[in-house]
Amino acid sequence: MIEDEIRMLRNNHRAVILAHNYCRGEVQDIADFTGDSLELARKATEIDADVIVFCGVKFMAETAKILNPTKKVLLPDPTAGCPMAEMITAAQLRELKAKYPGAKAVCYVNSTAEVKAECDICVTSGNAEKVMATLKGEEIIFVPDMHLGGYVSKKLGESYRCWKGFCPIHAKLELCDIRNGRLAAGMDAPVLVHPECDKPVREAADHCLSTGGMCKFVKESSAGRFVIGTEAGILHRLQKENPEKEFFPIGDLECVDMKKITLEKLRDSLEKMQYEVEVPEEVAMKARTAIERMLSIG
Ligand code: 13P
Ligand code: SF4
């Protein structure tokens, strides 16, 4: 069985397998730890292994490498990227910083290592509000996600200079999907959406949460039915951890990049020690400061 091969290779190489909540169910099942971007970044700092195999997309594996420069970090499919992270380059961010020299530059973790290296601090969807609360009153450049930036600035009563980046997957969600979700699940079913969704969708939902936040919310809620407005991979974990509860996904959201990591690619990655993620040390050093500042806050 391929799962046995993966376990054997993992043990032989003293490797640990991390998987994002959007990964294929079978990949989540074999991983040592499954979580959201914040949980995975934290986990990466606690790992006692020689090799980290990151099942997710490139910016996540880069974050693990930045936090563990001496470890081998592998991404089983080198083409698994996040289109939103590619929506701003370091050069574009430098131009923006030159235009607003007094501003603090903040990046969503869904960004390249080079962009992180240009930033004062990083945030994830799981801690953005808490981190940004420490910067209240400051002039802020927020990249690349205009929706997360818009969500947090509104919550904190602030106004940010947001880059116009977005997640093409969550952007598909529309108001009518929320309505259809409520009709299917019942009017008392909580509607959970990701902060990467567009403003009207966020405002029509009951809760705006990171994927880890959704898992926690569902576990602690007394409700029996939930409308889920994020990438479909999360349903595997929600159903597995809450077999008695019912989930109503909306919008048919699937991130092709997150689905690129298959059991076969994971096995090949462990067998051939491929594809190693490298971040030049001068970039990693600056990006590490932005990520560590975030982790020290929440
Ligand atoms: P989370 O940090 O909430 O898991 O989100 C990551 C992501 O890429 C959402 O599209
Ligand atoms: Fe990027 Fe969106 Fe895929 Fe998340 S779901 S990895 S933000 S494209």
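Both ligands and their constituent atoms are indexed starting at 1 by order of listing.
In terms of protein heavy atoms, atom 8 (S) of ligand 2 is closest to Pro83 CD, 3.3 Å. Residue, atom and distance of the protein heavy atom nearest to atom 3 (Fe) of ligand 2 are Cys255 SG, 2.4 Å. Atom 6 (C) of ligand 1 has as its closest protein heavy atom Ser37 OG, 3.4 Å.
Both the backbone and the side chain of Asp36 come within contact range of ligand 1, each with a heavy atom under 4.0 Å. At a 4.0 Å heavy-atom cut-off, ligand 1 touches Asn110 through the side chain alone.
Residue Cys167 approaches ligand 2 through these ligand atoms, each under 4.0 Å from one of its heavy atoms: 2 (Fe), 5 (S), 7 (S), 8 (S). Set against the non-hydrogen atoms of Met84, the atoms of ligand 2 under 4.0 Å away are 7 (S). Within ligand 2, the atoms closer than 4.0 Å to a non-hydrogen atom of Asn110 are 7 (S), numbered from 1 in the order shown. Within the listing of ligand 1, atoms 1 (P), 2 (O), 3 (O), 5 (O) sit less than 4.0 angstrom from a heavy atom of Ser125. Near His194, meaning under 4.0 Å from any of its heavy atoms, are these atoms of ligand 1: 1 (P), 3 (O), 5 (O), 9 (C). Those atoms of ligand 1 that come under 4.0 Å of a heavy atom in Tyr22, given as number and element, are 7 (C), 9 (C), 10 (O). Within the listing of ligand 2, atoms 2 (Fe), 7 (S) sit less than 4.0 angstrom from a heavy atom of Glu196.
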Under the side-chain hydrogen bond (donor to acceptor under 3.5 Å, both in side chains) rule, what do Tyr22 and Thr230 come out as? Steps first, then yes or no, please.
-> CA-CA 9 Å; Tyr22 293 160; Thr230 193; 2.6 Å; yes
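Cys82 lies apart from atom 3 (Fe) of ligand 2 in this respect, since none of its N, O or S atoms is found at a distance under 2.8 Å.
Within the structure, the closest approach of Asp257 to ligand 2 does not fall below 4.0 Å when heavy atoms are considered. In this structure, His170 counts as a contact residue of ligand 1, since one of its heavy atoms falls inside 4.0 Å of the ligand. Ligand 1 does not have Asn21 within reach: every non-hydrogen atom of the residue lies 4.0 Å or more from it. Not a single heavy atom of Glu231 sits less than 4.0 Å from an atom of ligand 1. For the ligand labelled ligand 1, residue Gly126 lies outside the 4.0 Å heavy-atom shell.
The shortest N or O to N or O distance between His20 and ligand 1 is under 3.5 Å.
Looking at heavy atoms from C-beta onward, Leu270 lies in side-chain contact with Ile17 at the 4.5 angstrom threshold.
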